[in-house]
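Notes for the one structure printed next.
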Amino acid sequence: MSVQMTNAEIANQLRNLGALLEIGGEPGFRTAAYRKAAEQIEALAESLSEIRAKGELENIPGVGKAISEKIGSLLDTGHMKALDEITEKIPLSVIELLSVPDVGPKRAALLFESGGITSLVALREAATSGALANIPGLTEKAAAKLTATLATMAEPDTRMPLPMARRLGLDLIQHLRAAYSGIEKIELGGSVRRFKETVGDLDIVSSGKDPNAMVAAFSTLPLVARVEMLGENRCRVQMQSGQSADLRVVPGEQWGSLLHHFTGSRLHNMKLRERSLDLGWSMSEYGFRKGEELVSFSTEEELFAFLGMDFIPPPMREEAGEIELAAKHQLPKVVGIDGLRGDLHMHSTWSDGVNSTEEMARAAIARCYEYICLTDHSRGLGIANGLDAERLMQQRVEIDHVNTLVAPFRVLQGVEVEVMNDGSLDLADDVLAKLDLVIASVHSGTRRGKESTTMRAIKAVQHPLVDILAHPTGRILGSRGPGDFDIPAILEAAAAAGTAVEINGSRVDLSDFNTKAALAAGCTIEIGSDAHSTEGLNEIDYAIGTAQRAWVTPDRVLNALPLEKMLASLKRNRPS
DNA sequence: GCCGTTTTCGGCCCGACTGTTTTCAGTCG
């Protein structure tokens with residue numbers, strides 16, 4: 001028996017089947033069903049083989065009898081008959097043509113059937129040799145445009161990591177503000193606003209009195225390399241950096257409708273529009289239409305209220321059951337930034353941070369926190385000017401002093417202690433016992449085999465003086481892949497020991513997927529910025545976004561508790 | 001191919017841009 005296919009691989013096969021059928025001329029509704037099912041499968045937190053073992057494949061939205069049988073066949077044999085059959089007529093590589101802008105199923109079919117083009121490489125060759133112009137059904141102008149598109153096309157399927165996309169988008173907004181003064185509201189929409197880990201292109205939503213003027217200013221920004229599309233109130237450009245960005249502008253009274261529309265997800269929007277139709281209204285980015293009547297809203301809150309639903313936070317808009325629950329007013333109230341009482345993971349000038357204890361405290365007060373915990377590095381992490389027992393005592397004196405200045409706000413003393421190669425900690429127990437809270441981190445040697453790396457993390461979470469396991473996977477989204485950790489085993493050990501696991505804002509370490517797994521395992525969640533400066537406290541946004549994607553409620557979050565209750569809940573303070 | 005507190009059959013989201021199609025198909029977000 002071959003190695004069992006992953007959810008992503010199965011989703012990919014279903015997507016391929018849908019695409020090939022569509023190129024082959026199959027009606028859209030049938031082929032869209034495969035794509036829908038694929039998108040749902042990609043978002044699952046459980047493997048298809050486990051779901052199948054429970055006989056629950058058809059409970060997945062978009063999966064019915066036919067697709068569940070195909071999934072079964074893929075799990076058992078690695079193949080499905082329908083795909084094998086269609087690829088005899090249309091090679092799999094023809095799907096590559098769909099990655100070219102302005103090439104959809106119809107044009108891909110034309111290129112393949114009339115031009116004999118079977119791949120992206122073949123298409124590029126045909127463009128270079130001039131063979132495109134000879135394809136019957138493709139006009140001279142269309143061939144020329146296609147050739148130009150191929151020359152400037154970014155690599156297919158290059159999605160940006162979220163932090164990079166968000167920085168790029170905010171930068172673009174800043175440039176637009178400098179170039180055009182008539183902006184009323186402006187925000188990043190799309191998958192950035194939903195805090196999806198990777199982002200395809202940037203969506204900017206805006207309101208202003210003169211959409212035309214704003215679009216014109218946008219299309220001529222120096223950051224823009226090429227205008228892909230230009231309309232009355234919209235514009236799509238390719239930036240110098242290679243990524244694409246869309247701008248949409250509406251009058252302020254339609255802001256809520258547009259923001260919702262451009263936040264997505266696509267499937268969420270489709271489902272919500274179906275629900276709207278049931279209520280007799282056709283829903284679009286401009287509002288709700290019934291005959292001549294158009295009802296618009298300036299906020300998303302009003303939009304959801306009009307449909308008789310709870311407000312759905314953007315990260316939850318993935319068509320994963322949130323619409324049905326919101327309609328029944330049973331949507332879980334997920335943790336938000338206003339639900340956090342404090343931030344428990346940050347660094348100061350005592351180790352590798354750039355701001356002092358008092359500066360961090362004042363910045364946290366400005367954010368309406370009630371407490372913070374300084375968790376500077378222990379000495380074992382050589383690069384970071386880590387603390388030993390002696391310097392921790394000095395730091396305690398300073399923290400006590402700062403607390404007299406900022407009361408009733410409280411600065412706690414913690415440490416981010418290094419987990420050594422044998423799983424022991426970098427500081428002695430009597431030192432750790434004097435602190436308010438201890439975070440353990442496996443920083444180095446995380447690629448030396450799953451067994452030893454996992455053993456170190458498990459020993460750490462089982463240590464009676466470790467309260468939180470920081471960044472459990474070792475990943476830094478966009479720059480470093482995860483270490484060799486057996487995450488399910490670590491989560492189980494953390495839950496059993498009563499040690500919280502962290503969603504780390506700076507690293508975006510724990511994915512929405514792993515956060516769901518942590519909840520299912522019974523773990524307490526800590527949401528931390530891992531700030532190394534006062535500005536770094538903002539990185540908490542990424543952790544909150546991830547928590548909301550995983551539907552984390554405040555009752556599962558350590559630092560959603562007021563100070564005394566938070567401290568009392570730490571396992572070091574619990575009667576054993 | 002999926003789906004149903006109006007449907008187990010007959011629907012399936014909406015609007016805009018592009019091109020050469022004088023009324024719409026294809027593509028996209």
Side-chain angles (χ1 to χ4, degrees), chain A residues 14-15 17-18 21-23 25-40 57-71 80 82 97-111 137-146 148-149 189-191 199-205 211 215 219 227-237 244-250 254 257-289 294 307-308 319 323-324 327-328:
Chain A
L14 291 171
R15 204 189 298 277
L17 177 59
L21 286 172
E22 197 167 15
I23 292 171
E26 199 74 31
F29 294 123
R30 243 189 99 202
T31 60
Y34 289 110
R35 189 165 54 149
K36 252 186 187 175
E39 284 179 40
Q40 290 288 355
L57 279 179
E58 290 188 41
N59 291 355
I60 302 167
V63 175
K65 190 161 178 291
I67 291 184
S68 71
E69 279 172 9
K70 289 183 170 68
I71 293 171
M80 56 176 166
L97 302 180
L98 299 176
S99 67
V100 180
D102 299 322
V103 176
K106 295 291 193 297
R107 199 158 293 156
L110 177 75
L111 291 168
L138 198 66
T139 64
E140 199 178 322
K141 210 166 174 180
K145 192 179 176 196
L146 193 52
T149 301
S191 37
V199 176
D201 54 18
L202 298 171
D203 297 315
I204 302 174
V205 194
V215 162
S219 68
V227 178
E228 292 178 3
M229 185 269 282
L230 188 62
E232 291 283 304
N233 64 354
R234 64 185 60 194
C235 178
R236 181 176 174 82
V237 301
S244 290
D246 281 285
L247 174 72
R248 290 289 303 269
V249 192
V250 290
Q254 295 175 350
S257 293
L258 179 68
L259 180 62
H260 177 271
H261 167 78
F262 231 24
T263 296
S265 69
R266 197 180 61 87
L267 290 183
H268 169 93
N269 285 357
M270 287 171 68
K271 184 82 171 191
L272 205 61
R273 285 171 180 184
E274 277 176 35
R275 177 175 165 80
S276 180
L277 277 181
D278 290 344
L279 300 173
W281 295 88
S282 167
M283 180 183 171
S284 78
E285 59 264 51
Y286 303 110
F288 297 92
R289 215 181 288 275
L294 177 68
L307 293 171
E319 163 56 341
I323 289 175
E324 291 81 352
K328 288 189 281 186

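The sequence lines fix the lettering, A, B, ..., with proteins before strands; numbering per chain opens at 1.
- Only the C1' atoms considered, dC2(B) is 14 Å distant from dT7(B), to the nearest whole Å.
- When distances are taken from the side chain of Thr139(A) to each of dT20(B), dT27(B), dG1(B), the shortest belongs to dT20(B).
- Nucleic acid contact class of Arg289(A) (heavy atoms, under 4.0 Å, all strands): sugar-phosphate only.
- For Asp278(A), the side-chain atoms get nearest to dT6(B) when compared with the rest of dT18(B), dT6(B), dG29(B).
- dT23(B) sits 23 Å from dC13(B) when the C1' atoms are compared, rounded to a whole Å.
- Thr31(A) has no side-chain polar atom (N or O) that falls below the 4.0 Å cut-off from OP1 or OP2 of dG1(B).
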- Heavy-atom protein contacts under 4.0 Å, nucleotides 8-13 of chain B, coded B base, S sugar-phosphate only, - none: ----BB

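- Taking atom CG of residue Leu258(A) and atom P of nucleotide dC14(B), one finds them 17 Å apart after rounding to whole Å.
- The CD-C1' distance, from Glu26(A) to dC2(B), rounds to 15 Å in whole Å.
- Closest approach of Asp201(A) and Val199(A) over heavy atoms only: O-CG1, 3.4 Å.
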Is there any protein nitrogen or oxygen under 3.5 Å from a nitrogen or oxygen in nucleotides 22-25 of chain B, and what are the pairs?
none

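- The Arg107(A) side chain lies nearest to dT27(B) when the options are dG1(B), dT27(B), dA16(B).
- With rounding to whole Å, Gln254(A) atom CD is found 17 Å from dC14(B) atom P.
- Nucleotides of DNA chain B nearest to Ile67(A) and Lys141(A) differ in position, and the one nearer the 5' end is that of Ile67(A).
- Not counting sequence neighbours, the partners of Thr263(A) by the side-chain contact (heavy atoms from CB on, under 4.5 Å) test are Arg193(A), Arg194(A), Leu259(A), Glu300(A), Pro314(A), Arg317(A).
- Across dT5(B) and dG1(B), the matching P atoms stand 23 Å from one another, rounded to whole Å.
- Glu228(A) places its CD atom 13 Å from the C1' atom of dC17(B), with the value rounded to the nearest Å.
- The residue Arg236(A) sits close only to the backbone: its heavy atoms come under 4.0 Å of sugar-phosphate atoms, none of a base.
- The salt bridge (Lys or Arg N to Asp or Glu O under 4.0 Å) search around Arg15(A) returns Glu42(A), not counting sequence neighbours.
- With sequence neighbours left out, Arg30(A) forms a salt bridge (Lys or Arg N to Asp or Glu O under 4.0 Å) with Glu26(A).
- Classification of Arg266(A) and Glu39(A) as a salt-bridged pair holds, one side-chain N sitting under 4.0 Å from a carboxylate O.
- Listed candidates were dG29(B), dG1(B), dC28(B). Nearest to the side chain of Asp102(A) is dC28(B).
- With sequence neighbours left out, Arg234(A) forms a salt bridge (Lys or Arg N to Asp or Glu O under 4.0 Å) with Glu285(A).
- Taking atom C1' on both dT8(B) and dC3(B), the two are 9 Å apart, rounded to the nearest angstrom.
- Here the C1' atom of nucleotide dG1(B) and the CG atom of Leu17(A) are 10 Å apart, to the nearest Å.
- Considering only the side chain of Ala66(A), dC2(B) comes nearest among dC2(B), dT27(B), dT18(B).
- As rounded to the nearest Å, dT20(B) and dA16(B) have P atoms that lie 22 Å from one another.
- Listed by chain and number, the residues in a ring pair (Phe, Tyr, Trp, His ring centres under 6.0 Å) with His260(A) are His268(A), Phe304(A) (sequence neighbours excluded).
- Rounded to a whole Å, the CG atom of Leu97(A) is 17 Å from the C1' atom of dC28(B).
- Scored by the salt bridge (Lys or Arg N to Asp or Glu O under 4.0 Å) test, Glu274(A) finds no partners at all (sequence neighbours excluded).
- For the pair Lys328(A) and Glu324(A), the salt-bridge criterion is not met [side-chain N within less than 4.0 Å of a carboxylate O].
- Pair check for dA16(B) finds dT27(B); Watson-Crick or G-U wobble, both atom distances under 3.5 Å.
- Residue-environment remark: CZ (Arg236(A)) exceeds the threshold of 12 foreign heavy atoms within 6.0 Å.
- Between Tyr286(A) and dA16(B) there is a side-chain polar atom (N or O) within less than 4.0 angstrom of OP1 or OP2.
- The distance from atom CG of Leu202(A) to atom P of dC28(B) is 19 Å, rounded to the nearest whole Å.
- Each of Ile60(A) and Val100(A) has a nearest nucleotide on DNA chain B; the 5'-most of these lies closest to Ile60(A).
- Residues in residues 97-107 of chain A take part in these salt bridge (charged side-chain N to carboxylate O under 4.0 Å, His left out) pairs, two or more places apart or across chains: Asp102(A)-Lys145(A).
- We find that CZ of Arg35(A) is positioned 15 Å from C1' of dC2(B), with the value rounded to whole Å.
- OP1 or OP2 of dG1(B) sits under 4.0 Å from a side-chain N or O of Lys70(A).
- Using a 4.0 Å heavy-atom cutoff across all strands shown, Ser276(A) reaches no nucleic acid atom at all.
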